[in-house]
Amino acid sequence: MIILKDKLGKTISGESISFIETPNKEGIIVPEYIIIHFTAGRGAENSINWFKDPTAKASAHIIIDSDGRITQMVEFNKKAWHAGRSRWADRSGFNDFSIGIELENPGRLTKVNERFYAWFEKEYSKDVVVTAKHKHENETSYWHSFTEKQLDTCFQVCKLLMETYNIKNILGHDDIAPFRKNDPGPAFPMENFRAKLLGREDDTADMYKVNTEYANVRNGAGIEFEAIAELKKDTQVEFIKSKLGWFYVYVLFKPGKDGEPIYGWINSDLLTKI
Ligand SMILES: [Zn+2]
C-alpha cells in the first residue's frame, strides 16, 4: 500500500485505490489520532453514497469493505466529519486532528428465536456472530464479526498512516463518544492493534469500580484539587492514565450535568479493577 500526497495510491498487490469525492469535508488538519468505526449499515456502497450526500453532513477518510477493498473519500490532511461531539483524556473535537476509518459492518445484532438481525432487519447467519460484552456495558450482546481480510487491510493502512504522520493513538468511536456510540465494539481487536502498532499494552481497556461508599472525582491528582463529581459505590470508570497514586478516568453510565462524560482524578485506593 502506498500513500501519495495524502491519498492512498495503490494496494500491495498494485491495484489503484478508488478516491470518491465527498463535499462533506473541511480545511487542513494535522492527524494525531486514528479513529476506528463501523458503518452500522447495509453495505459499504450505501455508506459511500451517504457520505457523498451533502445533507448527510458526515464522512470518513476511508471505508474498508468486507473484502478488504478501500475507498478513500477525504485526503488524510483534510478534515472529515466522522467523530461528532467527542472527547478523550484532555482532548475534544476529534475531527480537528484525526483520521476516520469506517469498516463495513452492520454492528450490533439482535437475537430473535435463534436468528440474528441487524437494526435494519437483515438476517445474518450465526457463523458471523460474536457474543461479547461491550466494555461500556454490563451484559453480553451480539455483534457482527469483521473479516480477516478487512482487519488485515485496516492494520496495513494504520501502519502506513503511522509511518507517515505523527499518530499518538488509535481509538474507537466508542472511546471518544462513550455515551453516543458503540463502534467499533468488542468484535474489533483493538488491544491487538494497539499492542502491535504502538508497541504497548492497551491503555483504554482497564475498567475499575468504586470500592467505597463515595469517591470524589477531582480536577487534579491530589485531595487539594476541587471535587467535580461524587461517585457512589460500584460506579464504573475507565482508566486513562495515572500519576502519584491517582488515576485519571472517565466515568461510565453517568454523564455530567452537561450530558458530557465526566473526566477527572480519583485516588486509586478507592478503585478496584474489574
Ligand atoms: Zn462511528
Side-chain angles (χ1 to χ4, degrees), residues 1-22 24-25 29-52 58-82 98-107 118 122 124-125 127-130 143-173 183-199 202:
M1 224 124 26
I2 57 162
I3 203 162
L4 201 70
K5 289 180 193 161
D6 301 298
K7 290 184 187 179
L8 282 172
K10 288 181 166 59
T11 62
I12 295 161
S13 46
E15 75 261 28
S16 294
I17 290 168
S18 49
F19 189 90
I20 297 179
E21 199 74 44
T22 170
N24 302 332
K25 63 178 179 182
I29 62 163
V30 177
E32 294 178 64
Y33 291 84
I34 296 170
I35 307 297
I36 307 291
H37 303 260
F38 58 50
T39 56
R42 289 170 180 81
E45 198 110 318
N46 282 60
S47 299
I48 292 163
N49 287 334
W50 174 240
F51 290 157
K52 279 192 328 201
S59 60
H61 290 87
I62 59 170
I63 293 126
I64 302 174
D65 76 12
S66 54
D67 294 325
R69 274 190 303 261
I70 302 168
T71 303
Q72 186 167 6
M73 299 193 77
V74 177
E75 297 85 347
F76 296 121
N77 66 338
K78 291 201 178 143
K79 189 199 286 197
W81 298 340
H82 59 98
S98 72
I99 291 169
I101 298 179
E102 289 274 359
L103 302 175
E104 175 186 29
N105 183 293
K122 182 172 172 186
Y124 290 92
S125 113
D127 314 343
V128 301
V129 178
V130 176
W143 304 83
H144 194 293
S145 59
F146 298 94
T147 69
E148 215 168 299
K149 193 97 215 299
Q150 191 175 31
L151 292 177
D152 185 52
T153 301
C154 183
F155 183 83
Q156 299 300 332
V157 169
C158 289
K159 194 158 169 274
L160 184 64
L161 291 172
M162 297 196 62
E163 287 161 11
T164 310
Y165 301 101
N166 186 16
I167 302 292
K168 294 182 175 138
N169 211 338
I170 300 165
L171 299 170
H173 203 185
D183 60 316
F188 184 82
M190 189 61 94
E191 293 188 36
N192 183 280
F193 263 56
R194 287 207 193 102
K196 283 203 220 145
L197 290 164
L198 304 162
D202 178 33

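All figures in this text were calculated on a predicted structure; none of them were measured in a lab.
The CD1 atom of Ile99 sits 9.0 Å away from atom CD of Gln72, with the distance rounded to the nearest 0.5 Å. Here the CE atom belonging to Met1 is positioned 7.0 Å from the CG atom belonging to Leu160, to the nearest 0.5 angstrom. Going from atom CD1 of Ile63 over to atom OG of Ser18 covers 9.0 Å, rounded to the nearest 0.5 Å. Atom CE of residue Met162 and atom CD1 of residue Ile170 lie 5.0 Å apart, to the nearest 0.5 angstrom. Note that OG of Ser145 and OH of Tyr124 are 11.0 Å apart. Values are rounded to the nearest 0.5 Å. Note that the NZ atom of Lys10 and the CD1 atom of Ile70 stand 13.5 Å from one another [nearest 0.5 Å].
A cation-pi contact links Lys196 to Phe155, judged by a cut-off of 6.0 Å to the six-membered ring centre and 45° from its axis.
For Lys122, there are no salt bridge (charged side-chain N to carboxylate O under 4.0 Å, His left out) partners two or more places apart in sequence or in a different chain. Residues that satisfy the salt bridge (charged side-chain N to carboxylate O under 4.0 Å, His left out) test with Glu21, not counting sequence neighbours, are Lys25. For Ile20, the side-chain contact (heavy atoms from CB on, under 4.5 Å) partners two or more places apart in sequence, or in a different chain, are Ile48, Lys52, Thr71, Met73.
A heavy-atom distance below 4.5 Å is not found between the side chains of Asp67 and Thr147. The side-chain heavy atoms of Ile167 and Pro31, taken from C-beta on, include a pair separated by under 4.5 Å. Considering only heavy atoms from C-beta on, Leu161 comes within 4.5 Å of Ile34 through its side chain. Contact of the Ile64 side chain with the Ile62 side chain is registered, since non-hydrogen atoms from C-beta on lie closer than 4.5 Å. Counting heavy atoms from C-beta on, the side chains of Tyr33 and Lys168 come closer than 4.5 Å. Side-chain contact check for Phe19 versus Glu75: some heavy-atom pair is nearer than 4.5 Å. Inter-residue side-chain proximity for Cys154 and Ile101 is flagged as met; some heavy-atom pair is nearer than 4.5 Å. Annotation: side chain of Leu8 is not in contact with side chain of Ile2 (no heavy-atom distance under 4.5 Å).
Nearest heavy atoms, Ser59 versus His82: O-CB, 3.2 Å. Residues Thr39 and Glu104 share a closest heavy-atom pair of OG1-CA, 3.5 Å. Here the closest heavy-atom approach between residue Ala187 and residue His144 is recorded as CB-O, 3.8 Å. Summarising the geometry of Ile36 relative to Pro184, their closest heavy-atom pair is O-CD, 3.3 Å, with the distance given to 0.1 Å. The minimum heavy-atom distance linking Asn24 with Ala58 is given by the pair ND2-O, 2.9 Å. Nearest heavy-atom pair, Cys158 versus Leu197, reported as atom, atom and distance to 0.1 Å: CB-CD1, 3.5 Å.
One N or O on the side chain of Asn105 and one on the backbone of Gly107 form a donor-acceptor pair closer than 3.5 Å. Glu163 contributes no side-chain N or O that, together with a main-chain N or O of Tyr165, makes up a donor-acceptor pair within less than 3.5 Å.
Taking a 6.0 Å sphere around CD of Glu148, one finds it holds 12 or fewer heavy atoms contributed by other residues, nucleotides or ligands.
Residues Ser47 and Glu45 have side chains that never bring a donor and an acceptor to within less than 3.5 angstrom of each other. Side-chain contact check for Ser66 and Gln150: no donor-acceptor pair (N or O, by modelled atom type) lies under 3.5 Å.
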Quiz prompt | CA sep, side-chain torsions, deciding dist, call: Phe76, Ile29, side-chain contact (heavy atoms from CB on, under 4.5 Å) | solution = CA-CA 8 Å; Phe76 296 121; Ile29 62 163; over 6 Å; no
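Between Phe188 and Phe193, the angle of the ring planes lies from 30° to 60°, which puts this pair in the tilted group.
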